[in-house]
Amino acid sequence: MKLNYEALRQIMLAVQAKPLNPNPIEIVNDVVEKGYSIEDASYALKQAIDSKLIDGKAEADLSGMLYFVVQDITPDGHKFIDSISAEEPWAKVKQVLKEEGIPTTIPSISRTIAKLFF
């Protein structure tokens, strides 16, 4: 499945707005309410966990249904959020990736954030 980076951004912002050990269903629902599909929101949450932006666990059952445990945002996740929470820096990150012909991936976004803002 292709990662929707706008949904990833919304996942990170939704987790930030919650207390420790948030309910993953609420996180996904918050993103779905913003107009993203449940598949995009769930996959973005999985990728955020797999990329160590969020401390948690994502597992699939035999049918492929995803189940999540979300504990907190990691230090790298906080850096990521700090640089993408406002529209202007987020637009700048996307622009640099596009101008430099860099594929949009979580590591490339993180490297671009570090280059631009730290």
From CZ (R9) to OH (Y36), nearest 0.5 Å: 7.5 Å
Side-chain donor-acceptor contact under 3.5 Å, W90 with Q95: no
Heavy-atom pair with the smallest gap, counting every atom of A7 and A44: C-CB, 3.9 Å
From E59 atom CD to Y67 atom OH, the distance as rounded to the nearest 0.5 Å: 11.0 Å
Only distances under 3.5 Å count here; give the side-chain donor-acceptor pairs of residues 106-118 to other protein atoms, sequence neighbours excluded, each with its distance to 0.1 Å.
from : atom 1 : to   : atom 2 : distance (Å)
S108 : OG     : P103 : O      : 2.7
S108 : OG     : T105 : N      : 2.9
S108 : OG     : T105 : O      : 3.0
S108 : OG     : T105 : OG1    : 3.0
S110 : OG     : I106 : O      : 3.1
T112 : OG1    : S108 : O      : 2.8
K115 : NZ     : E100 : OE1    : 3.4
K115 : NZ     : E100 : OE2    : 3.0

Atom CE of M65: over 12 foreign heavy atoms under 6.0 Å: no
Exam field: side chain Y5 to backbone T104, donor-acceptor pair closer than 3.5 Å: yes
Closest non-hydrogen atom pair, V32 against A41: CG2-CB, 4.2 Å
Least distance between heavy atoms, M12 atom then I73 atom: CE-CG2, 4.3 Å
Sub-4.5 Å side-chain heavy-atom contact between F68 and K57: no
Backbone N/O of D55 and side chain of T74: donor-acceptor pair under 3.5 Å: no
Closest non-hydrogen atom pair between A14 and V31, with its separation: CB-CG2, 4.3 Å
Over all atoms of both residues, closest heavy-atom pair of F80 and L8: CZ-CD2, 3.9 Å
Under 4.5 Å side-chain linkage, directly or through intermediates, the cluster mates of V69: none
Partner of I11 by side chain to side chain contact (heavy atoms under 4.5 Å, CB included), out of N4, L45, D40: L45
Salt bridge flag under 4.0 Å for residues D50 and K46: yes
Test: E87 and K94 ion pair at under 4.0 Å: no
Beyond-backbone contact of I54 with V70, side-chain heavy atoms, under 4.5 angstrom: yes
In one Ile/Leu/Val/Met/Phe/Trp/Tyr side-chain cluster, 4.5 Å: I27, L20: no
Minimum side-chain heavy-atom gap Q10-L13 below 4.5 Å: yes
Within 6.0 Å of NZ in K18, more than 12 heavy atoms from elsewhere: yes
